[in-house]
Amino acid sequence: PSATYAGRVVAAVRRNIVFTGAVADEAVTEVDVRTGAGGTIISARMTKSSGNREWDDAVVRAIEKTGRLPADVDGRVPSSLQLVFRPRE
């Protein structure tokens with residue numbers, strides 16, 4: 001993936017995060033995302049918890065709701081991608 005691709009994917013997913021609770025600013029949730037043809041999201045598996053279950057669940061739900069990842073600058077979508085989400089980014 002290009003240097004800016006992960007940021008574009010996180011921005012696309014972030015629009016779908018629904019979370020009204022409180023979570024520490026330094027919390028980090030990492031998710032392994034697998035995609036199929038055309039960027040369709042096949043699975044989203046949390047690999048590192050922030051320690052706040054509600055935030056972690058909101059991130060995974062947002063990825064699933066996104067449904068399809070945007071193409072990279074070369075028009076392709078990686079079949080596997082590790083995404084990092086922080087509540088204040």
Side-chain angles (χ1 to χ4, degrees):
S2 68
T4 61
Y5 184 67
R8 288 188 305 136
V9 170
V10 168
V13 171
R14 185 165 290 285
R15 290 189 293 259
N16 292 318
I17 294 177
V18 177
F19 180 75
T20 58
V23 64
D25 289 346
E26 64 275 355
V28 175
T29 301
E30 294 181 12
V31 182
D32 181 52
V33 178
R34 305 261 182 221
T35 63
T40 301
I41 296 171
I42 296 171
S43 68
R45 183 178 60 87
M46 185 177 45
T47 57
K48 180 182 176 191
S49 171
S50 67
N52 182 309
R53 183 179 174 130
E54 288 95 18
W55 167 251
D56 294 340
D57 289 347
V59 168
V60 172
R61 279 192 311 270
I63 293 169
E64 292 168 349
K65 184 177 179 181
T66 301
R68 180 181 307 268
L69 297 183
D72 201 351
V73 293
D74 63 2
R76 298 186 305 185
V77 177
S79 61
S80 177
L81 193 62
Q82 185 75 23
L83 301 176
V84 177
F85 293 86
R86 293 175 179 83
R88 302 295 179 235
E89 285 185 350

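Judged by distance alone, the side chain of Ser49 and the main-chain N or O of Gly51 form a donor-acceptor pair under 3.5 Å.
Checked against side-chain hydrogen bond (donor to acceptor under 3.5 Å, both in side chains), Thr47 has the following partners two or more places apart in sequence or in another chain: Gln82. Checked against side-chain hydrogen bond (donor to acceptor under 3.5 Å, both in side chains), Thr35 has no partners two or more places apart in sequence or in another chain. Applying the salt bridge (Lys or Arg N to Asp or Glu O under 4.0 Å) test to Arg61 and every residue at least two apart in sequence or in another chain returns nothing. For Arg45, there are no salt bridge (Lys or Arg N to Asp or Glu O under 4.0 Å) partners, not counting sequence neighbours. Every residue two or more places apart in sequence or in another chain that forms a salt bridge (Lys or Arg N to Asp or Glu O under 4.0 Å) with Arg34 is listed here: Asp32. Legend: residues meeting salt bridge (Lys or Arg N to Asp or Glu O under 4.0 Å) with Arg8, ordered by chain and number and at least two apart, are Asp72.
Around the CZ atom of Arg14, the shell of radius 6.0 Å holds more than 12 heavy atoms that belong to other residues, nucleotides or ligands.
Residue pairs meeting the side chain to side chain donor-acceptor pair (under 3.5 Å) criterion with at least one member in residues 18-30, sequence neighbours excluded, are Asp25-Arg88, Thr29-Trp55, Thr29-Asp56. Among residue pairs with one or both ends in residues 58-77, none qualify as ring pair (Phe, Tyr, Trp, His ring centres under 6.0 Å); sequence neighbours excluded. Sorted by first and then second residue, the ring pair (Phe, Tyr, Trp, His ring centres under 6.0 Å) pairs involving residues 67-89 (not counting sequence neighbours) form an empty list.
Atom CD1 of residue Ile17 and atom CG of residue Asp57 lie 12.0 Å apart, to the nearest 0.5 angstrom.
Closest non-hydrogen pair, Thr66 versus Ala12, comes out as OG1-O, 4.1 Å. For Asn52 against Ser50, the heavy-atom pair with the smallest separation is N-OG, 3.1 Å. Summarising the geometry of Ile63 relative to Ala44, their closest heavy-atom pair is CG2-CB, 3.7 Å, with the distance given to 0.1 Å.
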Evaluation steps, side-chain contact (heavy atoms from CB on, under 4.5 Å), between Leu69 and Tyr5: CA-CA 10 Å; Leu69 297 183; Tyr5 184 67; 3.8 Å; yes

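Taking a 4.5 Å side-chain heavy-atom cut-off between Ile, Leu, Val, Met, Phe, Trp and Tyr, the cluster of Val28 extends to Val84.
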